[in-house]
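See below for the structure under consideration.
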Amino acid sequence: MSLATPTPEDLRHAIRNIPDFPQPGIQFKDITPVLANPRLFAAAVDLLTANWPAGSVDAVAGIDARGFIFAAAAALRLNAGFIPIRKQGKLPFDTLEESYALEYGTNTLAVHADALTPGSKVLLVDDLLATGGTAVAAARLLQRLSAEVVEVSCLVELAFLKGREKLGGLPFRSVVVF
Ligand code: AMP
């Protein structure tokens with residue numbers, strides 16, 4: 001890699017494919033090599049937030065768990081608050097919850113009931129968009145708090161799963177498409 005600012009192609013090369021993790025048939029996209037390299041990590045955050053100058057959003061919401069890493073860094077970059085959207089049972093105060101179907105079973109996400117003031121502009125960040133179910137549920141939680149989801153921004157998009165079609169017209173950005 002040269003000393004120039006890393007590109008999405010550099011990020012694509014750094015993301016490691018782990019076949020059959022956590023179960024047979026899943027190609028797990030391991031983003032830890034991006035995190036381990038400060039230039040790649042900084043470029044990932046810059047690209048995730050490229051549409052949003054500092055001060056243009058009130059908060060960045062991140063999805064448990066890898067989404068937290070990018071969303072927290074993005075929040076500092078944008079001079080915005082950070083809102084964790086967690087798996088059920090982890091947040092200590094009153095919560096709103098949203099369940100969605102997985103291939104087998106369901107998953108539930110939660111947000112603190114007082115996390116946002118109505119009308120807040122929120123950038124929703126996750127590491128990866130696959131089928132889109134997680135992002136839709138997270139966006140729905142933010143909308144139930146009367147926030148405006150200005151964009152869903154993911155480092156990786158698995159385009160063959162057509163997750164972006166599930167987002168129902170929410171603005172969507174991805175940095176690396178597989
Ligand atoms: P989905 O709801 O199908 O869009 O799944 C997206 C969520 O599951 C994200 O929070 C990802 O961290 C995780 N995820 C799903 N598929 C993968 C994959 N192939 N590699 C890494 N993470 C994944």
Side-chain angles (χ1 to χ4, degrees), residues 1-18 27-86 109 111 115-117 119-139 141-143 145 147-178:
M1 200 188 302
S2 75
L3 277 176
T5 304
T7 63
E9 203 50 30
D10 295 324
L11 292 166
R12 164 195 281 275
H13 287 304
I15 293 165
R16 181 162 58 179
N17 193 60
I18 311 285
Q27 305 278 329
F28 191 86
K29 300 299 181 195
D30 177 17
I31 49 86
T32 61
V34 173
L35 304 178
N37 178 320
R39 296 181 65 247
L40 290 176
F41 190 11
V45 174
D46 283 344
L47 289 161
L48 281 163
T49 58
N51 290 334
W52 306 98
S56 64
V57 301
D58 299 301
V60 180
I63 304 176
D64 200 346
R66 288 180 295 281
F68 290 169
I69 301 163
F70 296 104
L76 290 176
R77 182 73 52 95
L78 300 188
N79 195 24
F82 168 69
I83 310 295
I85 296 179
R86 295 217 62 181
L109 293 178
V111 70
L116 290 161
T117 51
S120 298
K121 289 182 188 300
V122 184
L123 176 65
L124 176 59
V125 169
D126 202 2
D127 66 324
L128 182 143
L129 188 89
T131 66
T134 306
V136 168
L141 283 174
L142 299 170
Q143 289 164 341
L145 293 173
E148 180 192 351
V149 180
V150 295
E151 187 177 73
V152 178
S153 186
C154 295
L155 185 63
V156 181
E157 175 182 8
L158 302 184
F160 59 94
L161 293 173
K162 302 189 189 310
R164 71 161 69 207
E165 291 174 16
K166 269 220 195 113
L167 296 177
L170 279 175
F172 176 71
R173 172 181 182 81
S174 61
V175 175
V176 176
V177 182
F178 287 97

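All heavy atoms count here, side chains included; hydrogens, waters and symmetry mates do not. Throughout, numbering of the chain's residues begins at 1 and tracks the sequence.
Residue Val149 comes nearest to Pro171 through the heavy atom pair O-CD, 4.4 Å, listed as atom of the first residue, atom of the second, then distance. Here the shortest heavy-atom pairing between Ala74 and Thr49 reads CB-CG2, 3.4 Å. Contact detail for Ala130 and Leu161: the closest heavy-atom pair is O-CB, 3.5 Å. Minimum interatomic distance between Arg173 and Ala50 (heavy atoms only, all atoms of both residues): NH2-CB, 3.3 Å. In plain terms, the two heavy atoms of Val136 and Lys166 that are nearest each other are CG2-O, 3.4 Å. A pairwise comparison of heavy atoms in Gly62 and Ala71 identifies CA-CB, 3.4 Å as the closest pair.
Counting heavy atoms from C-beta on, the side chains of Leu11 and Val34 come closer than 4.5 Å. Inter-residue side-chain proximity for Val150 and Trp52 is flagged as met; some heavy-atom pair is nearer than 4.5 Å. Between Val152 and Val125, every side-chain heavy-atom pair lies at or beyond the 4.5 Å cut-off. The shortest distance between side-chain heavy atoms of Val122 and Val57 does not fall below 4.5 Å.
Pairs of residues two or more places apart, or lying in two chains, that qualify as side chain to side chain donor-acceptor pair (under 3.5 Å) and include a residue from residues 55-64 are Asp64-Arg86. Note on residues 121-139: pairs passing side chain to side chain donor-acceptor pair (under 3.5 Å), not counting sequence neighbours, are Arg66-Asp127, Tyr100-Thr134, Lys121-Glu148. Evaluation of the ring-ring contact (aromatic ring centres under 6.0 Å, His included) test over residues 155-178, restricted to residues two or more places apart or in two chains, returns none.
The CZ atom of Phe70 lies 4.0 Å from the CD1 atom of Ile31; values are rounded to the nearest 0.5 Å. Taken to the nearest 0.5 Å, the CZ atom of Phe41 stands 6.5 Å off from the CD1 atom of Ile69.
Not a single donor-acceptor pair under 3.5 Å links the side chain of Ser174 to the backbone N or O of Val176. In terms of modelled atom types and a separation under 3.5 Å, the side chain of Arg39 and the main chain of Ala4 share a donor-acceptor contact.
Partners of Asp30 according to the side-chain hydrogen bond (donor to acceptor under 3.5 Å, both in side chains) rule, which considers only residues two or more places apart in sequence or in another chain, are Arg16, Thr32. Residues satisfying the side-chain hydrogen bond (donor to acceptor under 3.5 Å, both in side chains) criterion with Arg164, sequence neighbours excluded, are Glu157. Shown here are the side-chain hydrogen bond (donor to acceptor under 3.5 Å, both in side chains) partners of Ser153, two or more places apart in sequence or in another chain: there are none.
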Asp10 vs Thr5, side chain to side chain contact (heavy atoms under 4.5 Å, CB included): CA-CA, chis, key distance, verdict: CA-CA 9 Å; Asp10 295 324; Thr5 304; over 6 Å; no
For a side chain to side chain contact (heavy atoms under 4.5 Å, CB included) check, start with the C-alpha distance between Leu128 and Leu155, then their side-chain angles and the critical distance, and finish with the verdict. CA-CA 6 Å; Leu128 182 143; Leu155 185 63; over 6 Å; no
Determine, stepwise, if the pair Leu158 / Gln27 fulfils side chain to side chain contact (heavy atoms under 4.5 Å, CB included). CA-CA 10 Å; Leu158 302 184; Gln27 305 278 329; over 6 Å; no
The test is side chain to side chain contact (heavy atoms under 4.5 Å, CB included); show your working for Val60 and Leu78 and say whether it passes. CA-CA 8 Å; Val60 180; Leu78 300 188; 4.2 Å; yes
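A side chain to side chain contact (heavy atoms under 4.5 Å, CB included) with Leu141 is found for exactly one of Leu116, Leu124, Val111, namely Val111.
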